[in-house]
There are 2 protein chains.
Amino acid sequence: MTQPAAHRRASIADVARAAGVSVGTVSNVLNRPERVLPGTRERVEAAIEELSFVRNGSARQLRAGTITTIGAIVLDIANPFFTDVARGIEERLDRDDFTLMVASSDDDPDREQRYLRLFEEHGVQGVMVVPATNNIEHLLAVRRRGTGVVLLDQPSSDPSISSVAVDDVRGGELAAHHLLDEGHTRIVFLNGPHTIRQCADRHEGVVKALAAAGLDPATALVEITVTSLNAEGGEAAIRGLLESGDRPTAVFCVNDLVALGVLRTLRTENIAVPTDMAVVGYDDVAFAAELSTPLTSVRQPTHELGVRAADLLLSGPDSAAEHVMFQPTLVVRGSSSTVAG
Amino acid sequence: MTQPAAHRRASIADVARAAGVSVGTVSNVLNRPERVLPGTRERVEAAIEELSFVRNGSARQLRAGTITTIGAIVLDIANPFFTDVARGIEERLDRDDFTLMVASSDDDPDREQRYLRLFEEHGVQGVMVVPATNNIEHLLAVRRRGTGVVLLDQPSSDPSISSVAVDDVRGGELAAHHLLDEGHTRIVFLNGPHTIRQCADRHEGVVKALAAAGLDPATALVEITVTSLNAEGGEAAIRGLLESGDRPTAVFCVNDLVALGVLRTLRTENIAVPTDMAVVGYDDVAFAAELSTPLTSVRQPTHELGVRAADLLLSGPDSAAEHVMFQPTLVVRGSSSTVAG
DNA sequence: GGTTCCTCGTGAAACGGTTCATAATGTAGC
DNA sequence: GCTACATTATGAACCGTTTCACGAGGAACC
């Protein structure tokens with residue numbers, strides 16, 4: 001029979017007492033059972049069962065030092081891009097029996113800091129971060145104090161911190177270049193705040209493409225900052241745009257969720273895509289190809305991104321920092337081109 | 001200037017020595033700064049900075065006992081359903097300054113157990129679990145040992161464990177009933193394994209609807225177990241079905257990702273939806289309405305689910321267990337009905 | 001029978017914080 | 001000048017593990 005709910009959790013000492021052995025022996029049963037005589041071991045195991053003993057992880061870790069956990073802090077856990085990356089991380093971590101904890105900063109530097117601190121104080125082996133700002137001073141500090149740090153989806157501005165990223169300038173360029181090729185001369189870019197590096201870079205890419213085409217970004221580019229990087233943000237932004245009477249012929253969205261919101265709105269407003277308005281997204285999430293107007297999007301190697309990031313973190317704190325940069329590709333579909341499949 | 005990378009992290013004792021005070025004073029600066037004279041405090045703070053001291057969370061927790069973190073274990077972190085729920089949890093937790101850690105069991109009971117153990121050993125205040133099996137013995141044990149447990153998306157079979165769920169029998173019934181209404185007399189159900197309770201329940205609902213319509217489930221229902229609960233699983237299942245020459249007129253998918261795989265395949269195979277084949281999904285994820293054939297789906301109140309779950313966990317271990325059951329609704333769209341909007 | 005070696009088990013010393021009874025110092029009141 | 005009382009700072013006890021030097025008891029060998 002089980003005990004009535006005891007107020008204090010049973011400790012190793014309680015188990016030792018119940019089994020009539022010393023604490024050292026209980027610890028051995030837990031960690032190196034082969035060093036304990038089968039009879040003794042059984043008695044200890046019975047006591048553990050009886051007292052429903054659970055190791056105190058804090059004490060264990062305090063004494064033993066290490067823990068095989070790594071933390072990941074992403075901007076938005078509901079964004080398929082990040083969860084695809086997380087799957088990649090998990091896959092790699094599993095091979096080494098590491099454990100992954102995911103937290104979401106919600107683009108908020110304070111939340112990022114809070115989770116970072118939590119992970120660090122609890123001695124995770126390393127942490128992967130998609131920084132909410134382009135100031136990574138606090139991450140450098142973490143790194144200096146001995147916790148592994150890998151920047152996710154963000155090229156490192158510091159040689160001592162590894163990073164795994166995708167060329168966002170190139171991504172913005174690909175998207176804009178494509179829209180210009182399709183004959184558009186003015187692009188509306190529904191972007192996130194430039195404090196998010198990806199957003200700033202994609203913007204830079206767009207400007208670059210416009211300049212290369214001999215257009216003046218000051219007139220050929222309208223950048224609108226969405227309130228949130230999801231479908232609701234996209235819907236609100238495009239709605240505001242339409243209500244202002246300024247109807248562009250081409251919209252580039254900083255991610256596919258925003259594009260989803262745009263497409264949804266255009267459909268209810270009976271604006272034809274791509275003939276009245278072309279739309280390009282970013283991330284090429286799973287459903288992009290299956291939308292009513294298949295979405296042209298910039299594809300990033302999400303899974304591979306996660307795997308490489310985990311690789312770098314597991315390679316240990318002593319190996320040199322590496323900076324991996326993947327290249328995005330443009331997948332043209334019906335939302336931006338009448339000739340696309 | 002910063003120190004050369006020290007091998008051992010600075011401890012409170014190091015700080016105390018550097019600042020010329022006792023460890024108790026350092027602890028006070030950290031936890032009750034108002035009890036320390038400004039001058040002393042500044043000296044301690046300078047030493048903390050100088051040594052780049054970080055509290056050892058394990059030691060702190062070992063002594064102090066509590067931690068304001070709660071853990072969540074979901075089946076698949078890449079499934080929008082779970083991440084939407086997670087957003088709800090986070091929103092509620094934020095109000096009480098709690099912190100959320102998410103882990104993914106990948107439908108694997110061993111992984112679930114591993115993460116559960118990790119959370120429990122590290123003394124989280126509570127844990128929310130979408131169980132990978134319908135055996136919740138291990139969760140009961142966790143509960144008995146004093147850690148809060150709330151079943152997520154799973155009605156509790158035990159009165160002592162709170163749960164927040166959506167009526168999946170009803171959901172299956174809604175879907176099947178709708179397909180029967182549309183004139184179909186045989187339904188293929190692409191389901192997950194019945195060890196996952198949601199899958200078993202939705203199956204039960206389908207059977208119930210068939211029986212109510214006077215059909216024999218043995219002939220009117222074909223259940224196929226997908227290899228994975230995502231687009232790839234759906235694609236593989238429907239492809240196998242088509243190759244076997246058994247082409248049904250109605251397919252019900254256990255979630256929208258599976259349905260996405262099905263729609264994708266049907267499109268490449270030039271099978272018209274819904275005229276040649278009707279498709280119904282589950283979860284009503286954000287993109288369901290925007291697909292090339294808008295997907296009929298069973299909607300669940302994901303966000304609210306998360307909020308309520310967090311509510312229950314925060315209400316403390318002493319309050320009575322509660323069992324919240326939400327009702328799903330059917331959203332009819334073009335993938336299953338020619339008259340739908 | 002004495003030495004060496006093994007196998008098991010012991011118990012105390014860390015690990016790095018928090019907490020609390022106590023001391024030291026200063027200030028006020030009489 | 002003495003008591004009473006804040007205000008600050010101290011340092012040791014404690015949280016629950018792991019680890020390790022050590023001892024007890026046999027077995028094996030010469």
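Atom set for the values below is all heavy atoms of this structure, side chains included, hydrogens, waters and symmetry mates excluded. Below, read A as the first sequence line, B as the second, and so on, with proteins coming before strands; counting in each chain starts at 1.
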Answer yes when A:Arg17 and A:Asp14 have at least one side-chain N-carboxylate O distance shorter than 4.0 Å, and no when they do not. yes
Roughly how far apart are B:Ile73 CD1 and B:Arg114 CZ, rounded to 0.5 Å? 11.0 Å
Donor-acceptor side-chain pairing of A:Thr83 and A:Asn79 below 3.5 angstrom: no
From the 5' end of DNA chain D to its 3' end, which nucleotides mark the outer limits of contact with chain A, defined by a 4.0 Å heavy-atom distance cut-off (strictly under)? D:dG16 to D:dT19
Could you check whether B:Asn230 and B:Ser228, counting side-chain N and O atoms only, form a donor-acceptor pair closer than 3.5 Å? yes
At under 4.0 Å between heavy atoms, what does B:Ser27 touch on the DNA or RNA strands: base, sugar-phosphate, or nothing? base
A:Glu121 CD to C:dC15 P: how many Å, rounded? 20 Å
Under the side chain to side chain contact (heavy atoms under 4.5 Å, CB included) test against B:Val21, which residue among B:Thr40, B:Asn28, B:Val29 passes? B:Thr40
When the distance from CG of B:Asp14 to C1' of C:dC15 is rounded to whole Å, what number comes out? 13 Å
Criterion side chain to side chain contact (heavy atoms under 4.5 Å, CB included) against A:Glu137, the qualifying member of A:Thr133, A:Leu140, A:Leu139: A:Leu140
Find the distance B:Leu62:CG to C:dC15:C1' and express it as a whole number of Å. 9 Å
Rounding to an integer number of Å, can you tell me how far B:Arg63 CZ sits from C:dG17 P? 14 Å
Is it true that A:Gln198 and A:Asp153 share a donor-acceptor pair across their side chains at a distance under 3.5 Å? yes
Is atom CD of B:Glu49 surrounded by more than 12 heavy atoms (other residues, nucleotides or ligands) closer than 6.0 Å? no
Please state how far atom CZ in B:Arg60 lies from atom C1' in C:dG16, giving the value in whole angstrom units. 12 Å
Sugar-phosphate or base contact per nucleotide [nucleotides 7-12 of chain C; S, B, -; heavy atom under 4.0 Å]: -SSBBB
Whole angstrom value for the distance that separates P of C:dG17 from CD of B:Gln61: 14 Å
